[in-house]
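By convention here, the first residue in the shown sequence is residue 1.
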Amino acid sequence: MRLNQLSLRAAGVIDHIEALSTHDAIAQRLGELGFVPGEPVKVIAFGPLGGDPMAVEIGFTRFALRRSEAHRIVLRDNTAATAPSCAAQPHEQADPAASSPSASTADSSSHQAPVAGPLA
């Protein structure tokens, strides 16, 4: 499957970039931008007319690609991942410290701001 074939909010893992010729500058640039094998990628938006360009996300970086450019990006076969399980969205994972009982020790009836110690 290719990146341009993914639907909105679908995710996949990059297998390789397929150059259209021996001197395909776009394929080379995609690799330089971070579209490298093993990287998770997620489709986050499509353009208003015909879905071109499409916005994709790798980690915390977003890119707008023409569908012809996204066609060069070949994904691994296991592209059935959805947004919650996508490793491209580490910022959406819950903070384990926030759920621990010791994380919230302040009295909820107190409206005072915490006082910081000396900066020495």
Side-chain angles (χ1 to χ4, degrees):
M1 177 176 266
R2 298 187 182 258
L3 181 57
N4 66 323
Q5 297 171 318
L6 286 182
S7 59
L8 185 62
R9 294 187 183 87
V13 177
I14 298 172
D15 186 59
H16 66 277
I17 305 297
E18 187 174 279
L20 299 181
S21 67
T22 56
H23 301 291
D24 188 351
I26 293 173
Q28 180 180 351
R29 184 70 176 141
L30 287 170
E32 292 169 353
L33 289 172
F35 291 87
V36 294
E39 282 296 318
V41 62
K42 177 182 174 186
V43 176
I44 56 173
F46 290 104
L49 302 173
D52 213 10
M54 60 189 300
V56 298
E57 188 172 64
I58 296 179
F60 293 110
T61 306
R62 294 179 176 187
F63 298 94
L65 300 174
R66 293 181 186 99
R67 286 189 171 270
S68 61
E69 296 165 343
H71 181 75
R72 291 173 170 89
I73 301 169
V74 179
L75 303 175
R76 292 185 183 162
D77 288 335
N78 55 357
T79 58
T82 58
S85 63
C86 177
Q89 299 295 329
H91 57 278
E92 291 180 0
Q93 295 174 358
D95 181 14
S99 62
S100 69
S102 63
S104 176
T105 58
D107 182 12
S108 61
S109 63
S110 172
H111 296 287
Q112 295 178 339
V115 178
L119 297 175

Student: Provide the closest heavy-atom pair for Val74 versus Glu18 in the form atom of the first, atom of the second, distance.
Tutor: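 Looks like CG2-CB, 4.2 Å.
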Student: Verify the cluster assignment for Val36 and Ile26: are they in a single hydrophobic cluster under the rule of side-chain heavy atoms below 4.5 Å apart?
Tutor: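 Per the 4.5 Å side-chain linkage, Val36 and Ile26 are not co-clustered.
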Student: If we only count heavy atoms from C-beta on, is the Val56 to Leu6 side-chain gap below 4.5 Å?
Tutor: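 Contact flag for Val56/Leu6 side chains = no.
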Student: Could you note down all residue pairs passing ring pair (Phe, Tyr, Trp, His ring centres under 6.0 Å) where residues 4-32 supplies at least one of them, sequence neighbours left out?
Tutor: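 Sorted pair list comes back empty.
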Student: Are side-chain heavy atoms of Val41 and Leu3 found at a separation under 4.5 Å?
Tutor: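 The answer is yes, as the side chains (C-beta and beyond) meet within the 4.5 Å cut-off.
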Student: I'd like to check the salt bridge (charged side-chain N to carboxylate O under 4.0 Å, His left out) partners of Arg72; sequence neighbours left out, ordered by chain and number.
Tutor: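 So Arg72 forms a salt bridge (charged side-chain N to carboxylate O under 4.0 Å, His left out) with Asp24.
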Student: Would you indicate whether the side-chain heavy atoms of Ile14 and Leu75 approach each other to under 4.5 Å?
Tutor: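 SC-SC contact between Leu75 and Ile14 confirmed.
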Student: Within the distance-only criterion (no hydrogens, no angle test), does the side chain of Gln5 pair as donor or acceptor with the backbone N or O of Arg2 below 3.5 angstrom?
Tutor: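 Flag set: sc Gln5 to bb Arg2 pair under 3.5 Å.
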Student: In Å, rounded to the nearest 0.5 Å, how long is the span from CD of Glu39 to CG of Asp15?
Tutor: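 The CD atom of Glu39 sits 13.0 Å away from the CG atom of Asp15.
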Student: Of all heavy-atom pairs between Leu33 and Phe63, which one has the smallest distance, and what is that distance?
Tutor: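 Looking at all heavy atoms of both residues, the shortest contact is O-CZ, 3.6 Å.
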Student: Return all side-chain donor-acceptor pairs below 3.5 angstrom for residues 44-55, not counting sequence neighbours, or 'none' if the list is empty.
Tutor:
{"from": "Asp52", "atom 1": "OD1", "to": "Arg67", "atom 2": "N", "distance (Å)": "2.8"}

